[in-house]
Amino acid sequence: MKLLRRNIWLLFFISFIATLVLLLVLAYSRWLGIQEHYGMRQLNLVEQWFGNLTAILVQQETIIDAVGQDIHHSDAVHGADVQQKLDGLFSLSPGFFAGFALTTPEGDLHKFSHNLKDAKVPKNLLQNELTRDSFQQALDSDFMVLGRTYNVPGVGLVMPARKAIRDDSGNAVDVMTAAIQLDNAGIFFTRGMTLGDFNRITLIRSRDLYPLYSVGDNADKEFYRSAVDKKEFNRLINQLAGNAGLSREALMQSEKAIPYRRYVTDGRDRVYGVAMYQPRYEFWVMSEISEHFYRNELYTTLLSYLSIFLIFQGVMFYLFRLIARTEWKRREDLLRQATHDELTGLPNRSYLMQTISEWVFRGQPFSLLFLDMDNFKGVNDNFGHRAGDRVLAELARRLQCCSHDTETPVRLAGDEFLILTPETDEEKLYQRAAGFLAQLKNDFIVGNLHFRLGASIGIARFPDDGDSLESLLRAADIAMYQAKKRKSSIQLFEPLFQEQYLSKLRIEQKLHHAIEQNEFFMVYQPQLDALGRLIGVEALLRWENCELGNVPPDQFIPVAEMSGLMADIGRFVSARALQEISRLQQDSGSRFRVSLNVSVSQFMTPDFLPDLLQQIDAAGLDHALVSLEITENLFIEDMDYVCGLLGEVHEQGIHLSLDDFGTGYSSLSVLRCLPLDELKIDKSFVENLTTDETASKLVQSIISIGSNHHLQVVAEGVETAEQLALLLDCGCQSFQGYHFARPLKIADLRNYLKDQRFL
Ligand code: C2E
Ligand code: CA
Ligand code: CA
């Protein structure tokens with residue numbers, strides 16, 4: 001079935017051949033049918049003719065015989081009485097007979113019916129060429145004899161029937177001739193007894209092969225003047241005998257109608273015929289139809305068959321073409337569905353795979369521009385997937401518009417797109433990527449919503465950056481990740497990224513077991529006020545792995561965030577730090593705040609606050625002694641949720657501190673609506689405080705913002721007395737940095753506290 005579906009035209013061809021064969025079979029059987037039909041009709045016709053003729057002739061013979069005998073036995077053989085008898089005979093069937101004549105055995109005509117009075121009848125039948133033969137025959141025969149058909153002027157065509165009238169000793173005393181009028185008699189023989197114009201019926205005298213009578217053809221006077229070809233006729237009789245399976249003699253006695261075929265007109269025309277012999281009166285009845293007629297009839301039938309065949313084939317062709325087209329379209333659709341993305345109509349990953357495999361196989365250099373929207377997640381989360389879908393469709397449209405003929409934009413997944421290009425020149429690639437980014441700069445409009453979404457592009461080249469789709473996609477993805485760090489930028493893949501990527505991969509693998517292997521521990525960095533008194537500590541996580549050594553949190557925390565490990569790690573940090581600090585405070589009798597760094601994913605875990613409260617209570621710490629350091633990254637998330645949760649945290653009396661302030665993008669209005677207690681000036685500003693004037697201005701403005709909003713301001717990363725002095729000048733009241741203390745293990749912090757008390 002599958003094969004047939006695939007070869008629909010083969011099926012059509014088979015059906016065409018099958019119907020053609022059927023047509024030929026039908027035509028052939030029709031041909032046989034026509035032959036049989038007309039064969040049977042001719043057979044019946046000849047038998048009818050034979051029967052009718054024989055009956056008429058026997059009847060005439062009886063009458064002639066009776067009248068002849070009557071004349072012979074009457075006394076007045078040569079008187080008016082004879083004339084009367086002949087006229088009486090004539091009046092019995094006028095129209096059938098042209099007349100009656102009585103001749104002496106020597107052939108002299110001595111009496112005839114009065115209607116022959118003006119006719120030019122031969123005076124002596126034995127001396128006339130046309131009549132001699134049959135007259136002699138009648139003298140020799142006991143039966144009635146049919147003579148040659150000839151034209152009698154004034155009478156027309158006549159066929160003579162002669163009978164010798166004998167005396168008691170058998171000697172012929174007279175010969176009676178009845179002339180059958182062919183022009184009229186034909187009606188008696190043939191009434192309704194031909195098949196049509198195409199059918200010819202002939203009576204042939206077997207003795208001399210002259211035609212006696214013929215219908216169906218224009219048999220004129222000339223026709224009766226010549227005999228049929230003796231040789232040819234002989235051949236025909238032999239053929240008839242052969243067809244009947246009889247000898248010639250037996251055939252001529254059998255009174256059987258025998259079908260035959262023969263060629264006429266010098267072998268150019270074939271006729272189908274039936275012949276039957278009348279032995280008493282010695283003539284053949286033959287009916288013939290030309291093959292032309294058969295053929296014409298066949299052609300007419302064939303023509304109608306052919307019309308039906310052509311119409312049928314036309315309809316079939318139309319149907320098959322319809323099926324083939326539908327099938328082709330279905331296959332195209334399936335192929336398109338398999339290789340194209342439904343939402344955007346762009347080619348998809350399978351298409352990319354096929355194309356790239358071909359290009360890689362040909363060794364043709366090319367590049368992949370991996371494009372990822374910077375803020376797409378926000379659209380989906382805040383405005384629903386429908387809005388997201390419309391943004392993606394618009395994005396695809398823009399990419400398509402901007403693409404050159406040789407470039408193919410592809411949708412990989414979600415908001416990840418890719419442009420396949422044969423370009424590999426670094427400078428041109430940057431130009432092309434910039435062109436695409438420029439297209440995306442304009443707002444995306446969905447209904448009455450306007451979205452400004454940047455995108456980042458990572459570029460990987462074949463064969464430099466990978467030799468398979470997988471490796472190239474990874475390279476492009478790594479480059480894109482680098483680009484994303486800078487937001488809306490472009491990055492070509494570099495081998496260094498690969499190393500970073502691999503190191504990240506290694507970190508991730510080890511990180512999975514870090515908690516259970518007890519590889520984490522906490523350090524605490526003191527925070528002091530302007531008078532050098534300890535006001536709090538920031539809890540900082542440390543990881544020591546036997547293979548990787550000490551991995552700085554800057555490296556492993558982003559990996560933990562990406563791989564979903566941060567919630568667990570965060571729980572570990574808060575539990576450990578709260579317990580250690582609580583115990584230290586109990587032991588030392590001092591009170592100071594402990595600040596916990598809270599990452600975005602940790603904050604967004606569903607049970608974040610209940611878990612934290614439970615841990616604080618378990619540690620036995622005052623809520624007021626716990627501070628959470630959050631960053632501006634948190635505000636990219638669902639703001640309603642974030643604000644709500646921060647409010648709850650604040651209500652619990654827990655201190656909230658905004659870390660790395662000044663590096664993010666949050667606006668001042670955000671500050672106003674958030675329940676914050678503290679701002680932390682990022683260490684990058686403090687670092688440049690003494691050298692960079694703008695940094696010092698920024699620090700000043702952060703401090704004034706803090707005081708305006710009644711927020712405590714902590715300067716982070718204070719390393720020198722100079723920095724401290726400047727910060728104090730600016731009005732900063734709290735400090736953290738190496739100038740005071742490095743992050744300390746809990747035991748070291750314990751000592752630090754002791755030292756502080758002694759100072
Ligand atoms: P951060 O929250 O800004 O932490 C302050 C960082 O500055 C710490 O680096 C600290 O050691 C360093 N620092 C303190 N004083 C000075 C100084 O005078 N000069 C210099 N150059 N650096 C100073 P650290 O411990 O390597 O932590 C780096 C970052 O890792 C932190 O930045 C924080 O974002 C993250 N982090 C550390 N521990 C945790 C944690 O437990 N949870 C979370 N979520 N993040 C953590
Ligand atoms: Ca911090
Ligand atoms: Ca910080």
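The structure displayed is predicted, hence computed values, not measured ones. Atom set for the values below is all heavy atoms of this structure, side chains included, hydrogens, waters and symmetry mates excluded. One-based numbering, in listed order, for ligands and for the atoms of each.
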Completion exercise
the Ca ion (ligand 3) -> Asp660, closest N, O or S atom is OD1
Fill in the blank from the handout: In this structure, atom 42 (N) of ligand 1 is nearest to the protein heavy atom Asn597 O, 3.4 Å
Handout entry: Any protein heavy atom < 4.0 Å from atom 32 (O) of ligand 1
Key = no
Handout entry: Short N/O/S contact of Asn597 with the Ca ion (ligand 2) (below 3.0 Å)
Key = yes
Exercise for the section: Looking only at non-hydrogen atoms, find the nearest pair between Gly447 and Arg390 and report the distance. Expected result: N-NH2, 4.2 Å
Problem - N-O pairing of Arg432 and Glu423 below 4.0 Å - result: no
Practice task
Would you kindly specify which portion of Asp660 sits under 4.0 Å from ligand 1, judged on non-hydrogen atoms: side chain, backbone, both or neither?
Solution key: side chain
Exercise for the section: Using a 4.0 Å heavy-atom threshold (strictly under), name the region of Met566 that reaches ligand 1: side chain, backbone, both or neither. Expected result: side chain
Exercise for the section: Decide yes or no for Ser456 and Asp374: does some side-chain heavy atom of the first lie under 4.5 Å from some side-chain heavy atom of the second? Expected result: yes
Exercise for the section: Answer yes or no: is there a donor N or O on one side and an acceptor on the other, between the side chain of Glu687 and the main chain of Lys683, under 3.5 Å? Expected result: no
Exercise for the section: Kindly determine whether Ser582 and Gln586 satisfy side chain to side chain donor-acceptor pair (under 3.5 Å), including the steps that lead there. Expected result: CA-CA 6 Å; Ser582 173; Gln586 282 165 18; 3.3 Å; yes
Handout entry: Close aromatic pair by centroid cut-off 6.0 Å: Phe451 and Phe383
Key = yes
Practice task
Kindly indicate whether the side chain of Phe462, heavy atoms from C-beta on, has any atom under 4.5 Å from the side chain of Thr424.
Solution key: no
Fill in the blank from the handout: Which of Gln500, Gln491, Glu494 passes side chain to side chain donor-acceptor pair (under 3.5 Å) with Gln482? It is Gln500
Problem - Sub-4.5 Å side-chain heavy-atom contact between Arg542 and Pro553 - result: yes
Exercise for the section: Heavy-atom contacts with Pro553 under 4.0 Å: which atoms of ligand 1 show up? List them by number with element. Expected result: 24 (P), 25 (O), 26 (O), 27 (O), 28 (C), 30 (O), 37 (C)
Practice task
On the 0 to 90° scale, with breaks at 30° and 60°, tag the Trp543-Phe520 ring pair as parallel, tilted or perpendicular.
Solution key: tilted
Handout entry: Side chain, backbone, both or neither: the part of Leu541 lying under 4.0 Å from ligand 1 by heavy atom
Key = both
Completion exercise
Within 4.0 Å of some non-hydrogen atom of Gly717, the atoms of ligand 1 are 15 (N), 16 (C), 17 (C), 18 (O)
Exercise for the section: Decide yes or no on side chain to side chain donor-acceptor pair (under 3.5 Å) for Gln712 and Asp677, but give the supporting numbers first. Expected result: CA-CA 6 Å; Gln712 196 180 331; Asp677 299 294; over 6 Å; no
Completion exercise
shortest atom 6 (C) of ligand 1-to-protein heavy-atom contact is with Lys683 NZ, 3.5 Å
Fill in the blank from the handout: Among the N/O/S atoms of Glu538, the Ca ion (ligand 2) lies closest to OE2
Fill in the blank from the handout: Under 4.0 Å from one or more heavy atoms of Ser599, ligand 1 contributes atoms 44 (N)
Problem - Any donor-acceptor pair under 3.5 Å from Gln498 side chain to Ala475 backbone - result: no
Exercise for the section: Provide, to 0.1 Å, the distance between atom 2 (O) of ligand 1 and the closest protein heavy atom, together with that atom's residue and name. Expected result: Asp659 OD2, 2.9 Å
Problem - ligand 1 N/O within reach of His739 N/O, cut-off under 3.5 Å - result: no
Problem - Check: Thr344 main-chain N/O paired with Asp341 side-chain donor or acceptor under 3.5 Å - result: yes
Exercise for the section: Could you list the atoms of ligand 1 found under 4.0 angstrom from a heavy atom of Pro743? Expected result: 11 (O)
Problem - atom 9 (O) of ligand 1: any protein heavy atom closer than 4.0 Å - result: no
Problem - Glu538 touching ligand 1 at heavy-atom level, < 4.0 angstrom - result: yes
Fill in the blank from the handout: Logged contact type for Glu687 with ligand 1, heavy-atom cut-off 4.0 Å, is neither
Problem - Atom indices of ligand 1, in the order listed, that fall short of 4.0 Å to a heavy atom of Val718 - result: 18 (O)
Exercise for the section: Note the single closest protein heavy atom to atom 46 (C) of ligand 1, along with its residue, its atom name and the distance in Å. Expected result: Ile557 CD1, 3.5 Å
Completion exercise
Note: heavy atom closest to atom 21 (N) of ligand 1, options Arg742, Glu716, Glu719, belongs to Glu719
Practice task
Starting from the C-alpha separation in whole Å, work towards a yes-or-no answer on side chain to side chain donor-acceptor pair (under 3.5 Å) for Glu561 and Ser601.
Solution key: CA-CA 7 Å; Glu561 288 258 18; Ser601 58; 2.8 Å; yes
Practice task
For Gly737, counting its heavy atoms only, list the atoms of ligand 1 lying under 4.0 Å from any of them.
Solution key: 15 (N), 18 (O)
Exercise for the section: Keeping the roles fixed (side chain from Asp682, backbone from Ser684), state whether a donor-acceptor pair exists under 3.5 Å. Expected result: yes
Completion exercise
With rounding to 10 degrees, Asp659 OD1, the Ca ion (ligand 3) and Glu716 OE1 define an angle of 120°
Fill in the blank from the handout: Heavy-atom proximity to atom 28 (C) of ligand 1 ranks first, among Asp554, Ile569, Leu540, for Asp554
Practice task
Check ligand 1 against Val573 and write out every atom of the ligand that is under 4.0 Å from a heavy-atom position of the residue.
Solution key: 41 (O)
Problem - Minimum-distance atom from the Ca ion (ligand 2) among N, O or S atoms of Glu629 - result: OE1
Exercise for the section: Show your reasoning for whether side chain to side chain donor-acceptor pair (under 3.5 Å) applies to Glu538 and Ser595. Expected result: CA-CA 5 Å; Glu538 179 179 2; Ser595 300; over 6 Å; no
Handout entry: Contact check, Gln736 vs ligand 1, heavy-atom distance below 4.0 Å
Key = no
Problem - Ala479 to Ile459 - nearest heavy-atom pair and separation - result: CB-N, 3.8 Å
Exercise for the section: Report the nearest protein non-hydrogen atom to atom 18 (O) of ligand 1: residue, atom name, distance rounded to 0.1 Å. Expected result: Tyr738 N, 2.9 Å
Practice task
State the atoms of ligand 1, each with its element, that fall below the 4.0 Å cut-off from a heavy-atom position in Arg542.
Solution key: 11 (O), 25 (O)
Exercise for the section: For atom 14 (C) of ligand 1, find the nearest protein heavy atom and state the residue, atom name and distance (0.1 Å precision). Expected result: Gln525 OE1, 2.8 Å
